[in-house]
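Shown next, in structure tokens, is the structure this report addresses.
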There are 2 protein chains.
Amino acid sequence: MNIGEIARRAGVSRSTVSYALSGKRPVSDETRRKIQDVIDELGYRPNASARALANGRTSTIGLVFPPAGNHYTGMQLDFIGSVVEAAAAHDYDVLLSPSGVDSDRSFQRLLGERRVDGAILMEIRLEDDRADHLAALDFPAVAIGRTAHPESGWWVGLDHTALAAACVHHLADLGHRRVAFVNRPEQLLRAGYESAHRGLDGFTKAAAERGLTVRTYCCGDDAASGQACLEQILHDDPATTALVTLNEAALGGLYRGLSQAGRHVPRDFSVTGVVAGRWAETVTPQLTAADVPAEEMGRRAVDLLIERLDHPGAPPRHHLLAPPISLRASTGPAGGTPSA
Amino acid sequence: MNIGEIARRAGVSRSTVSYALSGKRPVSDETRRKIQDVIDELGYRPNASARALANGRTSTIGLVFPPAGNHYTGMQLDFIGSVVEAAAAHDYDVLLSPSGVDSDRSFQRLLGERRVDGAILMEIRLEDDRADHLAALDFPAVAIGRTAHPESGWWVGLDHTALAAACVHHLADLGHRRVAFVNRPEQLLRAGYESAHRGLDGFTKAAAERGLTVRTYCCGDDAASGQACLEQILHDDPATTALVTLNEAALGGLYRGLSQAGRHVPRDFSVTGVVAGRWAETVTPQLTAADVPAEEMGRRAVDLLIERLDHPGAPPRHHLLAPPISLRASTGPAGGTPSA
DNA sequence: TGAAGGAGTCGAACCGGTTCGACTCATCGC
DNA sequence: GCGATGAGTCGAACCGGTTCGACTCCTTCA
């Protein structure tokens, strides 16, 4: 069941078996065939730990994902799925690492104990100690999201600034003048999550540019918070006629709040934002939104990481994506019905 | 940076360092302190591959999850998150394995190459070759779901039969007489997915028991399919006043279909089913449903697996869960408005 | 015809840990 | 005063691969 056993049965040395498998030195056809027969017969597969120990590569990448205590959003699910799939295509496995409460500990496991060849980071912050740490170690990593200093790193990012601005322009073009912004939870904003910050930034600037009256809100990642947030919005300014949101998980709650306030979407109230496409389609009316290309981002992150692993010392590369707004059914001209 | 370096700097042998770390043999306080100082100074962590090679355990469990080509449902996301979290609590990492198109290949990676100590299987089928294969190998595995022969295995399951029946009884108690069942996609039913089969079974039997008129449907895992399915239901029997579904991802589409057909939930039409709680709460009105305790199931699966790893040869254990129906807002008495 | 070179193979060292047997040295009981 | 006991330590073997250097043939070409 190990390489020695194969060698014995095939009547060759262990190194010959190794070379027959790796092809790193020539092996005669006859020998190769004999070895292959034994391998097929016994169903032999080389031990991954031994191989990793010998050649220093684990063929595994780490996926560092958000604290498990929080809810996961559908977008994160899409990232995970696409990363696993893309990694498999390159013959890499994916090790999940919760960068939760004790993020140091799991980092130590991944890097210190050499469990992975490289890492993909999710839920990036503008000032991200994990990213800094990895950069300082020159450890092969790719971020999904970009820090405040994006030039020096490897990442795949979404241009949240531009996307939020595009949402504002879309609403302004439809004649909306009083618009709310529903962000991720306050605790994430305080922690410096880049999507929350850049999205807010893009929203604010574009709104100023178009002379809109705006209010901005943080909202928990669940339906109940979304509903509460919407009540607050209408309480603070009943004349609000539209909102932009980054908060996928709150979307259902926002819709519920609107429906209970008697505002029809899109006749009385327009909703748009930045959300993964398949989740935008689950609500009624379907959400007009900048669709987060989660699958593409995961795939590109893996491709970049593989490239970095294959070419150590290569200069940093990155992709900044800015998908267009998909027009669905949740936005319409302002003033269909004057607000109560 | 390896154990020999630590030993050299501390002026002891490699084995002493190993014993100081593992505690498997006594080491004097003074020696232990010297070693610890060196370790702290250098930030040493033992190499996981070397350790795995030497003691035969990787401290990693494999999570075999569904084909990536399909959409993931929120429930699956919850499983993944809770499994990772529970595994971390036991000092295990989680390796994701897509059991996709080429499920043999990734199985070979996991088991043949000894990348994991044990495995957790998701999306179980009644006749599940993966489960059979693992059982034949006596490989430590725990299924989330149960096959047609549940006595012999380790698993954490949901009593879909009872849950679907409970939904039927709930609707029958409210006076509904014509009820539809919306299952997972036909391809999954054909493949023998246990939740689809047992759920259908429980629905059919309970409906017969209560003398209901029923139709059953398969429905794709997305909103568009849900909407189409609902149109079909009302086309086939416009007098239908309620439905039971196992299809979380189609839920938004079903609601949209109802709304577009002018059926108000719950006044004209009741909806219930088996869905993870936090997703039941994102739709409006919130879904009265048997809440899938995804988090608990993931946690219990990990606990069982750890137990099995720690006590090889222990007799099979399992948990069959049957959470009660959470009454929310999507069901009501039949006949509120006679159907058009 | 003999040196050069390449194909094919082997043995040994190595990767970085763990663990077993053996050794030394105190301590203790009789 | 001496053997038994156990704490503390070391060296060597081992886990299962990879890789380097060296060796043997067999061709090829001067």
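Sequence lines set the chain letters: A, B, ... in the order given, protein chains first and strands last, and positions in each chain run from 1.
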Can you give one letter per nucleotide of nucleotides 9-14 of chain D, going 5' to 3': B for a protein heavy atom under 4.0 Å from the base, S for sugar-phosphate only, - for none? BBB-B-
Is it true that a side-chain atom of R14(A) and a backbone atom of I3(A) form a donor plus acceptor pair closer than 3.5 Å? no
Can you identify which nucleotide, out of dT19(D), dG16(D), dG17(C), has its nearest atom closest to the K24(A) side chain? dT19(D)
Spell out, as yes or no, whether a donor-acceptor pair under 3.5 Å connects the side chain of R109(B) to the backbone of S97(B). no
Is there a residue in residues 111-118 of chain B whose heavy atoms reach under 4.0 Å of DNA chain C, and which residues are they? none
Would you find a donor on one side and an acceptor on the other, under 3.5 Å apart, between the side chain of R32(A) and the backbone of V27(A)? yes
Can you list the residues that meet the salt bridge (Lys or Arg N to Asp or Glu O under 4.0 Å) rule with R57(B), with sequence neighbours excluded? none
What residues, two or more places apart in sequence or in another chain, satisfy side-chain hydrogen bond (donor to acceptor under 3.5 Å, both in side chains) together with T31(B)? S28(B)
To the nearest 10 degrees, how far apart in direction are the end axes of the helix from dT1(C)-dA30(D) to dC30(C)-dG1(D), each fit to five base pairs? 50°
Whole angstrom value for the distance that separates C1' of dG16(D) from CG of L42(A): 15 Å
Test of understanding: with salt bridge (Lys or Arg N to Asp or Glu O under 4.0 Å), list the residues that count as partners of R25(B), not counting sequence neighbours. none
Is E295(B) paired with R299(B) through a side-chain N to carboxylate O contact shorter than 4.0 Å? no
Not counting sequence neighbours, which residues clear salt bridge (Lys or Arg N to Asp or Glu O under 4.0 Å) with D78(B)? List them please. R278(B)
Check whether any side-chain nitrogen or oxygen of R51(A) sits under 4.0 Å from OP1 or OP2 of dG16(D), and answer yes or no. no
What pairs with L53(B) under side chain to side chain contact (heavy atoms under 4.5 Å, CB included), at least two apart in sequence or on another chain? S49(A), A50(A), L53(A)
Per-pair distances, 0.1 Å, donor-acceptor, side chain in residues 33-45 of chain A, under 3.5 Å, sequence neighbours excluded:
| residue | atom | partner | partner atom | Å |
| --- | --- | --- | --- | --- |
| Q36(A) | NE2 | D40(A) | OD1 | 3.0 |
| R45(A) | NH2 | E113(B) | OE2 | 3.4 |

Would you give me the side-chain donor-acceptor pairs under 3.5 Å for residues 137-155 of chain A, sequence neighbours excluded?
| residue | atom | partner | partner atom | Å |
| --- | --- | --- | --- | --- |
| T147(A) | OG1 | H149(A) | N | 3.1 |
| H149(A) | NE2 | E127(A) | OE1 | 3.4 |
| W155(A) | NE1 | P150(A) | O | 2.7 |

Rounded to whole angstrom units, what separation is found between the CG atom of N47(A) and the C1' atom of dG16(D)? 6 Å
Tell me: CG of L53(A) to C1' of dG16(C), nearest whole Å? 5 Å
Check whether any side-chain N or O of D117(B) sits under 3.5 Å from a backbone N or O of I61(B) as a donor-acceptor pair, and report yes or no. no
Separation of dC20(D) atom P from N55(A) atom CG, nearest Å, is 12 Å
Contact list for DNA chain D against residues 1-10 of chain A - heavy-atom distance below 4.0 Å: N2(A), I3(A)
Residues which pass salt bridge (Lys or Arg N to Asp or Glu O under 4.0 Å) with R300(B), listed by chain and number, not counting sequence neighbours: E296(B)
